Amino acid sequence: MTFQKPSHTFTKIHLKALHTNSFHILFFLSFTVFVNTLGFAQEIPKKQTPILPKTENDSMRVTIDVDSLLKPTANLKETDSILQDTLPKKKEFLTDVVNYKALGYVSLNQKFKQTTLYDQAEVNYQDMEIKSGIIVIDHNKNLVYAGRLKDSAGVYSQAPTFKQGANLVEPDSIIFNTETKKALIFNSRTEQSGGYIIADITKKENDSVYFINRGKFTTSENKEDPEFYFLMRKAKIVPNKKVVTGLTNMYIYNVPTPIGLPFAYFPLTKKQTSGILFPTFGQDSRRGYNLQNGGYYFAISDYVDLAVYADYYTNGSYGLRTESSYAVRYKFRGNFGFRYENLINSERGFPDYSKSSIYNLRWSHSQDSKANPSSRFSASVNLGSSKYYQESVNQINASNFLNNTLSSSVSYAKSFTGEPQVNMSVTATHSQNTRTQQIDMTLPTFQGSVSRIFPFAPKVGTKKGIIDNINFQYNVNAQNRISTTDSLFFKKEMFDDARVGVQQSIPISTNFKVFKYFSVSASTNFEENWTLNTVRKYYDEGENTILTQDLTGFDSFRTYNFSTSVGTTIYGMFNLEKKGKDTKIKAIRHIMRPSISYNINPAFDEYYDSFDYITANGDLTRAEYSRFEESLYGSPNKNFSSSLGLSLGNNFEAKVRDRDSTKTEPKKIILLNNLNFSTSYNFAGDSLQWSPVRVSGGTQLFDNQMSVNFGMTLDPYALDNNNRRVDKYNIANGGSLFRLTSASMNLSYSLSSDSFSGKKEPDQRAIDESVRSGGRADDLFGKPQNFADDRLGDEDRDKEKEVDSEFYNFTIPWSLRIAYAVNYSNSARQSEISSNSLMFSGDIDLSPRWTVGVSSGYDFKNQGFTYTQLRFERDLMSWRMNFSWIPFSERSSWNFFIGIKSSLLKDIKYDKQREPDQRL
């Protein structure tokens with residue numbers, strides 16, 4: 001008999017094996033379990049005869065007297081001795097709750113002891129879950145069969161999914177033994193730690209071991225037709241741990257390749273795991289064959305890791321590198337790296353033989369703002385050999401190669417809340433010029449301050465008037481400054497010329513309004529400087545020269561000054577809208593911010609000494625000097641100055657008709673962000689009392705995509721025949737009112753196809769190799785090629801693209817960045833363009849998977865192209881290929897790379913490069 005179970009019914013059953021010699025008891029209990037299985041006899045009250053519904057295949061209706069069957073059963077304990085049998089009971093078929101359902105039907109074949117679930121069938125037993133088109137449970141053999149459904153057209157659907165614990169397998173069919181937990185899986189597809197395993201036949205030995213025959217291992221997203229895979233004849237899989245296989249070789253689009261191994265090991269893990277970092281093989285014309293970036297990765301903990309790399313060249317050169325990243329959520333994160341390379345060029349005895357050691361240290365640390373609002377620690381360190389980026393063979397970083405400055409800063413800041421608030425910080429800084437090899441450091445700098453104190457402010461209400469706004473504060477700055485060279489770095493000689501000083505200041509200021517619209521501020525500042533470095537100068541008659549003697553010991557000087565300023569803001573509106581006419585420009589608003597300031601700086605000539613010396617002509621001359629002139633903060637002011645400062649700031653905005661006709665309000669655009677004029681007049685000066693007029697301005701154009709900044713210097717004084725400034729106005733010398741001495745203009749422009757489609761440009765990566773090393777954030781100098789790290793990144797860093805066609809992308813995304821700079825000099829009537837250059841960088845996607853880029857520039861003054869880089873990138877789905885070429889310059893070289901993008905198989909790659917020619 002076959003009974004159809006309604007598709008909406010969900011049943012939990014407990015099936016246990018029954019052993020008794022009583023036929024009636026066995027029949028009753030078996031039938032009861034069967035009825036409960038079908039979901040029609042959930043609970044049978046006493047003295048009630050259940051009547052099962054008649055189905056299409058039934059020819060009879062079964063009735064059972066429940067009481068008559070239960071009464072003998074109740075007396076078995078007393079009358080039936082078989083219950084005292086000591087034979088061991090057979091192990092139960094199912095020992096836990098089975099949840100099942102099916103959209104079509106559920107049937108039980110009592111003859112063959114089989115349960116069939118049809119159409120969207122699902123069975124849950126312990127940690128096992130099977131979903132399939134059809135599922136058959138064989139109670140005699142303890143087997144569960146699952147397979148697909150086949151329609152009248154021969155199309156299969158509802159393929160099984162077998163899940164046990166965290167392991168998911170998607171086969172064509174499966175046979176599972178509920179007693180041994182073993183299974184046979186046909187045409188399975190399973191994901192393991194970012195890789196996919198496709199196997200014809202898989203034998204599940206237990207929860208942690210699988211054996212497969214002719215399996216395919218790939219990282220391709222296309223599991224039905226992967227573009228590449230490793231064919232494993234026989235393999236053993238331990239989920240989330242490893243894959244061990246015998247003979248295996250790579251197939252590309254089902255075509256075998258000679259890339260293979262007699263045996264292979266693929267690690268599988270979803271967490272950090274220590275392991276070997278496979279090196280890259282290569283050849284260098286100057287250093288021979290090499291192994292690069294081989295080493296070991298240490299997964300120390302969930303918070304910190306460490307990677308140790310090494311390079312070796314057959315001519316004796318070698319390199320070592322360590323990279324570490326650390327992070328604690330809601331507290332801090334950072335990374336640390338140290339690189340050392342011992343480079344040998346040519347062979348000993350040849351004229352071009354050379355040996356050098358270079359190194360680079362980088363450290364970045366940032367603290368989460370939620371960690372501690374009152375204290376903060378941060379670090380940004382990039383120091384090392386001045387020639388590191390020029391000579392390193394393990395990376396090509398154009399922006400850092402062209403950058404002449406390395407800088408570092410490590411700081412700790414602490415705030416003590418209260419009234420007043422006290423702030424302090426300790427900072428160590430480093431600045432290095434890679435061309436001059438000059439290094440300036442502060443080890444350390446201490447800064448402390450007490451917030452402004454208003455001694456006369458009312459306890460309640462606002463501060464009004466000159467008295468209420470009087471305030472003062474206290475600042476202290478202490479430094480230990482070191483100036484050295486690259487050759488003396490980290491040696492004791494670098495501390496010989498260290499300068500130590502402390503500067504304390506107490507500024508006092510106030511501000512108030514006059515005539516309602518004018519803001520007046522007045523301030524005075526008192527400074528005291530302490531130093532341990534002074535000098536004494538004297539004339540040595542025997543040597544006939546001026547000698548300088550360095551003195552150590554405490555000394556100090558004090559200075560003060562006064563200043564006041566008056567300023568206001570003037571608004572002007574030019575209404576260009578006419579009645580009856582819809583003009584494009586509605587109005588122009590002009591904002592002016594004029595300011596007048598007056599400054600007094602007294603002369604502190606008491607800190608100056610003098611001595612007599614004889615010149616080369618035999619004349620006796622007196623010279624003055626300050627013993628503080630080589631101290632940390634310099635010497636005090638010698639000459640009295642009383643100057644008047646004039647400045648004017650301008651801002652121009654316009655209201656124009658919006659292109660969107662649905663908007664009623666005009667659109668505001670900025671014509672000039674700023675246009676500033678400034679100059680000063682020194683009342684105490686004997687000559688050249690006016691300082692040059694400085695003009696600066698800037699604006700944003702084309703929806704803020706173009707930035708324009710300009711500046712110039714206008715001198716009111718004339719030049720003599722020797723091109724020296726004289727105390728005579730230029731207009732009185734037959735010239736114009738002002739003489740243009742210098743001018744500059746900088747322009748930057750970013751444009752992309754997204755600018756016209758209204759899409760937002762994707763954000764750049766937060767941490768870039770160029771930025772971390774102190775280079776440019778953009779790629780106007782070219783994109784870096786770092787062979788030591790993930791130079792191309794893993795697949796999760798890929799840029800998402802909307803693929804319109806597999807072969808042709810009619811949208812053709814593109815981007816362009818332009819920077820133009822020109823400088824003019826005329827300080828001594830040279831009237832020349834000192835520099836005039838254009839830099840540009842662009843990328844264009846010729847197809848969804850082809851990208852071409854170029855970074856270059858042109859020097860109009862020297863008439864030649866600047867540093868140029870050509871880039872070609874091809875996205876091969878699971879693979880990536882790129883070619884970078886620097887066609888000319890001292891860094892002329894090229895690099896070719898092809899490799900798997902997945903981090904699981906990123907060591908499978910081919911990397912070939914041609915290094916720049918050696919310059920003798």
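Just so it is clear, the values below take in all heavy atoms, side chains as well, and ignore hydrogens, waters and symmetry mates. None of these values were measured; they are calculated from a predicted model. Position 1 is the first residue of the sequence, and the numbers go up from there.
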Steps toward side chain to side chain donor-acceptor pair (under 3.5 Å) verdict (S691, S680): CA-CA 5 Å; S691 66; S680 63; 2.9 Å; yes
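- S626 and V535 get closest at one heavy-atom pair: O-CG2, 4.1 Å.
- A ring-centre distance under 6.0 Å is found for Y717 and Y729.
- For the pair N730 (side chain) and S736 (backbone), a donor-acceptor distance under 3.5 Å is present.
- The backbone N or O of Q700 sits nowhere less than 3.5 Å from a side-chain atom of S707 that would complete a donor-acceptor pair.
- Under the 4.5 Å side-chain criterion, counting only non-hydrogen atoms from C-beta, F710 is in contact with L675.
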Working for side chain to side chain donor-acceptor pair (under 3.5 Å), residues Y517 and T569: CA-CA 8 Å; Y517 300 106; T569 303; over 6 Å; no
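- Defined by atom type and a distance below 3.5 Å, a donor-acceptor pair is present between the side-chain atoms of T713 and S742.
- The shortest side-chain heavy-atom distance between L838 and F860 falls under the 4.5 Å cut-off.
- Residues M441 and F489 are in side-chain contact: their nearest non-hydrogen atoms beyond the backbone lie under 4.5 Å apart.
- Between S635 and the choices Y607, F604, Y608, the side chain to side chain contact (heavy atoms under 4.5 Å, CB included) rule is met once, by Y608.
- With 3.5 Å as the limit, one finds a donor-acceptor pair spanning the side chains of N723 and R829.
- The line from CG of N709 to OG of S748 is 7.5 Å long, rounded to the nearest 0.5 Å.
- In this structure, a donor-acceptor pair under 3.5 Å is absent between the side chains of S678 and S647.
- Ring-plane geometry between F683 and Y681 is classed as perpendicular, the angle between the planes exceeding 60 degrees on a 0 to 90 degree scale with a lower cut at 30.
- Of the N and O atoms on the side chains of T741 and D715, not one donor lies less than 3.5 Å from an acceptor on the other residue.
- Between the side chain of T524 and the main chain of N561, a donor-acceptor pair closer than 3.5 Å is present.
- The OG atom of S835 lies 13.5 Å from the OH atom of Y824; values are rounded to the nearest 0.5 Å.
- Inter-residue side-chain proximity for I833 and K861 is flagged as unmet; no heavy-atom pair is nearer than 4.5 Å.
- A side-chain N or O of T442 and one of T429 form a donor-acceptor pair less than 3.5 Å apart.
- Looking at heavy atoms from C-beta onward, F526 lies out of side-chain contact with Q504 at the 4.5 angstrom threshold.
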What pairs of donor and acceptor atoms, side-chain ones from residues 552-560 against any protein atom, are under 3.5 angstrom apart with sequence neighbours left out?
unit_1	atom_1	unit_2	atom_2	d
D555	OD2	R627	NE	2.8
S556	OG	R558	NH1	3.2
R558	NH1	E528	OE2	3.1

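- For the 3.5 Å distance criterion, the side chains of T866 and D859 fail to qualify, holding no donor opposite an acceptor.
- A side-chain donor from one of S856 and T868 sits under 3.5 Å from a side-chain acceptor of the other.
- Ring-plane geometry between F574 and H590 is classed as parallel, the angle between the planes falling under 30 degrees on a 0 to 90 degree scale with a further cut at 60.
- Test S642, S563, S565 against Y598 for side-chain hydrogen bond (donor to acceptor under 3.5 Å, both in side chains) and you get one pass: S642.
- Look at D843 and R871 and you find a salt bridge, because one of the NZ, NE, NH1 or NH2 atoms lies within 4.0 Å of a carboxylate O, short of that distance.
- If you run ring pair (Phe, Tyr, Trp, His ring centres under 6.0 Å) between Y858 and each of Y820, F840, F865, only F865 comes through.
- Checked by atom type, the side-chain pair N682/Q689 shows no donor-acceptor distance below 3.5 Å.
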Verdict with supporting geometry, S523 and S509, side chain to side chain donor-acceptor pair (under 3.5 Å): CA-CA 4 Å; S523 64; S509 63; over 6 Å; no
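- With hydrogens and angles disregarded, a donor-acceptor distance shorter than 3.5 Å links the side chain of Y625 to the backbone of K537.
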Test side chain to side chain donor-acceptor pair (under 3.5 Å) applied to S815 and R817, step by step: CA-CA 7 Å; S815 62; R817 294 158 296 281; 3.2 Å; yes
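- Nearest heavy atoms, T699 versus I670: OG1-O, 4.0 Å.
- Of all heavy-atom pairs spanning N480 and V500, the tightest one is OD1-CG2, 3.4 Å.
- Within the 3.5 Å criterion, the main-chain N or O of N673 finds a donor-acceptor partner in the side chain of N651.
- The backbone N or O of G384 sits less than 3.5 Å from a side-chain atom of Q432, completing a donor-acceptor pair.
- Remark: side-chain polar atoms of N823 are not paired, donor with acceptor, to backbone N or O of S834 under 3.5 angstrom.
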